[in-house]
Amino acid sequence: MHGPPCRSGRCRKERSGPALREAAGRPFDLAREIPLRAELFRTSAERHTLLLVVHHIAADGWSMGPLARDLAEAYAARTAGRPPGRAPLSVQYPDYALWQRGLLGETDSPDSLMSGQLAYWKAEMAGAPEETPLPADRPRPVVPSGRGGSVAFRVPPATTAGITRLARKSAASTFMVLHAALAAVLHRTGSGDDITIGTPVAGRTDEALEPLVGFFVNTLALRDDMSGGPDFDELLARVRETDLAAYAHQHLPFERLVEEVRPARSLSRHPLFQVMLTLNNTLPPRAELAGLRSRVHEVDTAAAEFDLSFSFTERQDGDSDGGTFLDGTLEFGRDLFDTATARRITEWFLTLTAHAVEAPDTLLADLPVLAGPERSRLLALGYGGDGAAEAGTVLCRFAETVAAHGEAVAVVAPDGEATFARLDARSDRIAALLRAEGVRPGACVAVLLPRSLDSVAALLGVLKAGAVYAPLDASLPDGRIEAVLDNARPALVVVAGATGHRPAGRWRRLVLGGAGEPEPATATPPPTVRPSPGDAAYLIHTSGSTGRPKGVRVGHGSLARLLDHHRHQVFAPAVRARGGRRLRVALTAALSFDASLDPLLWMIDGHELHLLDDGTRRDSEALVDAVRSRELDVLESTPTHVGHLLEAGLLSAGRGHRPTALILGGEAVPAALWTALHGIPDVQSWNFYGPTEATVDTLVARISDTVRPVLGGPMSGTRVSLLDERLRPVPPGVTGDLYLSGESLAHGYHNRPAETARGFVPDPYGPASSRMYRTGDRAVRAQDGSLLFTGRGDGQIKVRGFRVEPDEPATVLTTHPDVVAAAVVARGDGTAGTRLDAHVVLSVPPEGESAPAEPERLAALREYAARQLPGYMVPSGWQSLDRLPLTPSGKLDRNALTRPVPLAVTDTAGRTPAALARTSCARCSPRCSASNAS
C-alpha cells in the first residue's frame, strides 16, 4: 500500500494557525485519494509542524493514540536507517466488520441481536421531540453554514471531587453525573422535560481492537425524563438506568436507528438530538519522536456538527497528590450562538453542577443556574431608574397648562371645540355637580357619555371631585354595561340625554347637558382639597375574556409619573420635530380602553386633542382622510389597526400630511410592520407595552432604534423582571414570565381581594412590602439586553407533544413579503389532537401587475413556513382574509375567525440520500491532529 501524500512548505510562525486550519478543513475527494493525508509546515530552521488529516470513515478519536505510536515507531526506524518493523495485527478492521455483521444478524430474523436492539431503540425514542429548544441568539437557518467555535473551561477541583463522590455513592460513573448535570441545565434553561442528548461510545468491546486504527465509534441517543419535579438524586438514578440500558444496546449503528425511527428530517439540525456529551477518559495521543521535542494537539477547524457539544477530559493534577480534574470544551454552532453566549452556558453548567453534587437532594427547580454577579446584572438591566421625587397629580399639570394656554384650543370633539379655560370651567362645574349629588372623595363615578366635549370634561371633573373615574363605552351591549356596573358599584352614573336610558333603574344618574342638568345654584363649590398621589384616580375594566369583567384601580401618583415620563421622552422629541409648536393629537381608542388616557395626557400637557367620532375612528380610509385634512400630528392605535391605516395610505409619500408621532400599543407588533415603520425615519414610531394593571404604558421602545420588534425599556420608577416558576431571574436567551414592579403598579382589582393577591404578589427584589404584577406574558431577554415578546403564558398548547405558542408561527408568517398581517389559532380536532390554523392578509400587487391564484399563494406561504418552523408549528388550515377582524378596542377578534379548510400540499421536505448521510451521525467530519516538533 502506498503511504499518504505529503506536502511540505515554509510558513511564518504567526501564520501557522490559520494555515493549519485551512489545510485541515480541505475536503477529501474519496474517489481519487485515500482518506489520510500529511502536510509538513516549516516555521523555522529547527521547528516544524506535521499535520495529519484523517477522514472519519478511516479513524475515530481513539485511533489517534495508535496512529501516533505507529508514527513514532516508523520515525525511529527511518532515522536509524531501517524500514519500520511492524508486527502483524492479530485482528484487522475487515475482521471486525465481518464480526459485527455476524453479531447483529438480519433484521428480518426476530431472534437476531439486530431485531432485539432495534425494538429497544424504537420504543425508547417513540414520541421524542425532534428538536431541543436552546437559548440561542438567532433562529435556526434553513441551511446551516457549518461554522463553529469553541470555549474552554475547567471544572474546579472541589466540584470534580464532588462528582466523583456522588458517582461512587450512587453506583454511577463520572459520565453519568455529567450527563445528569447537563440534562438539568438544559431543563432549567428552556429545553423542557423530555430531552435527548447524544454521546459517542468507543465500540471497542474486545481488547484485540484497542491497537487498531479505524472507525469503531457508535453514537447513542440518551433520552432523559425530567418530569415530575425530581431532585438531582432522582434524576441521576433515571440517567443511570437510561445509560446502562443504552450501553447494553450499543451495537445498533446510529444511522440504522435514524432510518427506522424516521424523524422529520431537516438539513438545519442533527436528527434525534442536537446536543452532544463526551467524556474522554483515555490518555491523549503522544508521539515520542527520537531526537526531537514534540507534542500532539488537535487542530480546531471551526466546524460544528451539533448545536452544542460538551467534551470533558479527565486529567491528573500534579499539585493535588495525583488527583484528577476535568477540562471542558464547549463547541457550538455559530449559526445559533455567539461566543459570549457559549461561555455563559458553561458558567451555568458550572454553577448548577457545583450545587448539585454538594446537595443532590435539591429539587431541579431549586438548583441555581445563575451565579450571583449575573443575577444582579439581570435585575439591574430591568430597572428604569429613579422617577421624579414628587410627581403630584395630573390635575396639577392641567392647572399649569390652563394658566399658560387658557385661550388655546384644548379639545376638538364631534359637538364642538373648547379652550383650556372653557374646559377647566366645565370640569369645575361637573365636579361641583358631583359633590352636590353626594359623591365623596374615593367614591366611584361611572361615566357613560358619547364622544363629546363633556366626555373629556367629565374625566377632569370626576378627578377634581376626588372621586374615581370609571369610563363606560356606549357602544357596548347592555349586558356588558351592567356587568361593569355590577363590579364598579358606582355612587353615580354620569350620562347624557342619548345614553341616559342605558343603565338599569337601580343606578343613580347625573344627566349632563340639556334640561336634565341641574342648575348652577344647586351645585356646591368644588372641594378645596385635591386628591393626593396615593388616592385612586380611575377604574378601568379588563376585556372580560377570562370571565366577568374586572376593574383595575389605578392611583393618581402612577398616572402622574406616566405623564412625567412621556413629557420628557415622547412628547418633547415630537414637539422639536414640529419646530416647537403645540401638536394636534388624535384620540381614536374607545374611552373605556385605558389606551385612551395617552392622548388625554398630551392634552393635559398643553396640546390640542381631537376626539374623533365613532364613524371616523373605525373606518381606516376616513381616519387617514382626517389625519390629512386636520393635519393631525400624533396618532396612537393597535398594531393591527395601524396595519389597516398603512394600507389606506397613512404614511404614503407625496399624499399629503402625515403624522409626526405614531404610537403602537395593546398588541405585539408584527415584524413586517416594525420593518416598515423602521424604514420611515421622519415619523417617530413608538411601541408602548403595558397592561392595565401597570398604568397604561410600562415599557417603551422607539422603533427606529432596533431592526426587530422589542418591548422596550422600563419607564423611570419601574422594574421589569423575567422570572421562572420559583421567581428567580431566567438566563438570557431563556423564556420567562414577565413581571412588573415599582411605582406604576395599580392598587389592585376593585372589590376582588383574592384576585388581587393572585395577580399582585410580593416582590422578592424590591423594598419591604413591595409588590410585583404577574402579567401572564412571556418574553426572552436577548444577549444585547433587549426584551422580545414570545406570547402569552396561558396561550400555550401542545401539538404532537410539543409546547407551542401560536404567536410564534404567526410572527414567522408576517416576515414573508406577501403577508400584510397574520394570526394563528389552535383548534382541537378530537382524536386527531390539536391543529393550528393560519389566517392571513395577503398583499395587493402593484397596479398593472397580477398575483398568482390564492391557493397557489397560500401553498407557497405554507412552504415558506415549513422552511422556517418545525413541522409541528406549521399550520394545517389556511385562510386568506381581506383584513383581520377587530374587537371594539382594536385588538384581534379571535372569535370572529372562521375555521379554514386544511390546505392540500405536497410535502417538499424530502431529502436525497447524500443529504441524509450528511447529518445522520458524527462520522463525516475529518479528525485532524498536528504534531509540532523542534
Side-chain angles (χ1 to χ4, degrees), residues 384 565-586 588 595 598-599 601-602 605 607-608 610 620-621 623-690 697 699-715 782 784-789 811 814-821 843-844 846:
H565 174 275
H566 284 357
R567 285 185 67 200
H568 295 93
Q569 303 299 324
V570 181
F571 301 175
V575 170
R576 287 194 296 269
R578 285 298 185 190
R581 67 169 174 82
R582 294 169 62 239
L583 303 181
R584 302 181 187 92
V585 183
T588 64
D598 274 334
L601 293 179
W602 287 82
D605 196 45
H607 300 282
E608 182 177 298
H610 286 246
S620 300
E621 294 183 356
L623 179 52
V624 171
D625 287 343
V627 169
R628 291 173 181 155
S629 61
R630 301 188 186 197
E631 296 188 341
L632 300 178
D633 302 302
V634 181
L635 184 64
E636 179 172 350
S637 193
T638 62
T640 305
H641 191 205
V642 169
H644 294 169
L645 297 176
L646 295 187
E647 292 178 33
L650 175 68
L651 302 182
S652 298
R655 296 180 63 180
H657 178 85
R658 59 184 186 181
T660 299
L662 183 61
I663 301 168
L664 287 69
E667 292 178 322
V669 183
L673 179 58
W674 189 284
T675 300
L677 297 177
H678 181 82
I680 308 176
D682 60 325
V683 175
Q684 297 178 11
S685 298
W686 298 85
N687 182 32
F688 284 4
Y689 168 87
D697 313 314
L699 307 177
V700 177
R702 188 161 178 168
I703 291 178
S704 61
D705 290 344
T706 62
V707 297
R708 62 179 175 178
V710 299
L711 291 179
M715 296 196 314
D784 62 4
S786 60
L787 288 174
L788 311 178
F789 178 75
T811 300
T814 60
T815 64
H816 191 281
D818 205 20
V819 174
V820 175
S843 62
V844 177

Report summary line: Smallest heavy-atom separation, Ser637 atom then Val642 atom, equals CB-CG2, 4.0 Å
**Report entry** Nearest heavy-atom neighbours spanning His644 and Ser620
**Finding:** CB-OG, 3.3 Å
Query raised in the report: So do Pro817 and Ser843 actually touch side chain to side chain, heavy atoms under 4.5 Å?
Result: no
Requested in this report: Any pair with a residue in residues 649-685 that passes ring pair (Phe, Tyr, Trp, His ring centres under 6.0 Å), sequence neighbours left out, goes on the list, sorted by first then second residue, please.
Outcome: none
Report summary line: For residues 665-676, the salt bridge (charged side-chain N to carboxylate O under 4.0 Å, His left out) pairs (sequence neighbours left out) are none
Query raised in the report: Any side-chain heavy atom of Leu651 sitting closer than 4.5 Å to one from Leu677?
Result: yes
Query raised in the report: OG of Ser652 to CG of Leu646: how many Å apart, nearest 0.5 Å?
Result: 8.0 Å
Report summary line: Only residue of Arg582, Arg567, His566 satisfying side-chain hydrogen bond (donor to acceptor under 3.5 Å, both in side chains) with Asp605 is Arg567
Requested in this report: Mind listing the closest non-hydrogen atom pair of Leu623 and His641 along with its distance?
Outcome: CD2-CE1, 3.7 Å
Query - Minimum-distance pair of heavy atoms, taken over all atoms of Pro714 and Leu699 - result: CA-CD2, 3.5 Å
Query raised in the report: Does any non-hydrogen side-chain atom of Leu673 lie less than 4.5 Å from one of Leu664?
Result: yes
Report task. Using a 4.5 Å cut-off on heavy atoms from C-beta on, say whether the side chain of His610 contacts that of Arg630. Result -> yes
**Report entry** Nearest-0.5 Å distance, CG of residue Asp697 to CG of residue Asp598
**Finding:** 4.0 Å
Query - Atom pair OG1/CZ of Thr660 and Arg576 - distance to nearest 0.5 Å - result: 12.5 Å
Requested in this report: Flag the pair Val820 / Glu647 as yes when at least one side-chain heavy-atom distance between them is below 4.5 Å, and no otherwise.
Outcome: yes
Query raised in the report: Any side-chain heavy atom of Leu650 within less than 4.5 Å of one from Leu662?
Result: yes
Query raised in the report: Distance from Arg655 atom CZ to Arg628 atom CZ, nearest 0.5 Å?
Result: 5.0 Å
Requested in this report: Answer whether the closest heavy-atom distance between the side chains of Thr588 and Leu635 falls below 4.5 Å.
Outcome: yes
**Report entry** Least distance between heavy atoms, Ala782 atom then Leu788 atom
**Finding:** CB-CD1, 4.3 Å
Query raised in the report: Do Asn687 side-chain atoms and Val710 backbone N/O form a donor-acceptor pair below 3.5 Å?
Result: yes
**Report entry** Parallel, tilted or perpendicular: rings of Phe571 and His607 (30°, 60°)
**Finding:** perpendicular
Query raised in the report: Mind checking what makes salt bridge (Lys or Arg N to Asp or Glu O under 4.0 Å) contact with Arg578, not counting sequence neighbours?
Result: Asp633
Requested in this report: State, to 0.1 Å, how close Glu636 and Ala595 come at their nearest heavy-atom pair, and which atoms those are.
Outcome: OE2-O, 4.2 Å
Query raised in the report: How about Thr811 and Phe789: do any of their side-chain heavy atoms sit closer than 4.5 Å?
Result: no
